[in-house]
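In what follows, a structure is listed as structure tokens, so that the remarks can point back to it.
Since this is a predicted model, take the numbers as computed values, not measurements. Just so you know, residue 1 is the first one in the sequence shown, and it goes up from there.
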Amino acid sequence: MKAAIELDVFRAVGEGPGDVASIASHSKASERGIRILCDFLVINGLLQKVDGHYRHTPSSAAFLDPSSPSCLASMVGFLALPEMRQTYEHLADIVRNGRTVLPGEGTVEPENPVWVEFARSMAPMMAPLAGPLGAIVLEGRTGPMRVLDIAAGHGLFGIEIAKQNPQAHVTGLDWAPVLRVALDNAKKAGVQDRYDMLPGSAFDVPYGGPYDAVLLTNFLHHFDVETCVGLLKKVRGSLKPGGCVATLEFVPNDDRVSPPMPAAFSMTMLTSTVAGDAYTFRELSDMHAKAGFSGVTAHPVPMSPHTVVMART
């Protein structure tokens, strides 16, 4: 799939006529290579072959053709990084030691360039979650408010708050090169005049504030419980009385084997971090309580493996 995306095969198939020669010409690749690659994609259900011509399946038309508004092909840029794949070649050692074989703190090593690629590549996957999260955080609220988006990445979650509430002012916190991607997205969304950047580590940079809301999206799972509680205490100190924190996470059931996608995410954390995990709602609720939050509630995002965990000061 990565090779096909790099060669722009799915666009060529969508544009037609779908024969080997035209796809090879579009992809600037050999006809032999394209024939074998496209046949392999057919065998694996990613394309169809009719009378020697290749056609999209419904899935490849929707999610792999760059002309589709729901195309997710850019995700391959992040998911195929060596840091994401090669650790699995050492899984036995990782299991023995209980931590990643990546150097330092793994993927959360300071200034790790993988997060620039994440911000660029994974936005199409995260975008459908932004609207529901924004609605949960705002609960119809309008009027002036300040929002801190920790580990902002692509920035889409904070940007969505600014889109839903024209008087919301958002501060994105992340490494400086990552924030440049977020700022570009804020410009595309027309909210750059209400989007500030706070470069640095979420553990070290003073947050300022006070804020009405803090977003912690796909961040806590990278760290152990003690570290998460310490960060949540810092978050609480930056909030106004009655302010809220919204934590977006993969949240498995207490049995830790269901639902499949949230539960399986713990393996990603084992291979890429020193002590991260996929935490249950019970564990996340306890972390928030230890940090001084109350009223912790879970809001599963429809058609998604994610849950928004809300808590208030």
Answer yes when E105 and R99 have at least one side-chain N-carboxylate O distance shorter than 4.0 Å, and no when they do not. no

Apply side chain to side chain contact (heavy atoms under 4.5 Å, CB included) to the pair L232 and L216, showing each step before the final yes or no. CA-CA 9 Å; L232 285 167; L216 275 171; 3.7 Å; yes

Quiz item: cation-pi between K234 and Y207, 6.0 Å / 45°: yes

Salt-bridge test for R180 and D184: reply yes if a basic N is under 4.0 Å from a carboxylate O, no otherwise. no

CG/N44: more than 12 non-hydrogen atoms of other groups inside 6.0 Å: yes

Residues D193 and K187 bridged, charged N to O under 4.0 Å: no

Ring centres of H221 and Y279 under 6.0 Å apart? no

Check the pair F63, F10 against side chain to side chain contact (heavy atoms under 4.5 Å, CB included), reporting the backbone distance first and the verdict last. CA-CA 10 Å; F63 301 119; F10 295 106; over 6 Å; no

Parallel, tilted or perpendicular: which describes the rings of F118 and W115, with under 30° parallel and over 60° perpendicular? perpendicular

Does CE in M1 sit with more than 12 non-hydrogen atoms of other residues, nucleotides or ligands closer than 6.0 Å? no

Is it true that the side chains of H169 and T171 contain a donor and an acceptor less than 3.5 Å apart? no

Counting neighbours of CZ on R85 that are heavy atoms of other residues, nucleotides or ligands and sit closer than 6.0 Å, is the number greater than 12? yes

Are R35 and E31 close enough for a salt bridge, meaning some N to O gap below 4.0 Å? no

Closer than 4.0 angstrom, basic N to acidic O: yes or no for K233 and E226? no

ILVMFWY cluster membership beyond V50 - transitive side-chain contacts under 4.5 angstrom: none

Listed by chain and number, what are the ring pair (Phe, Tyr, Trp, His ring centres under 6.0 Å) partners of Y195, not counting sequence neighbours? none

CZ/F281 to OG1/T297 distance, rounded to the nearest 0.5 angstrom? 6.5 Å

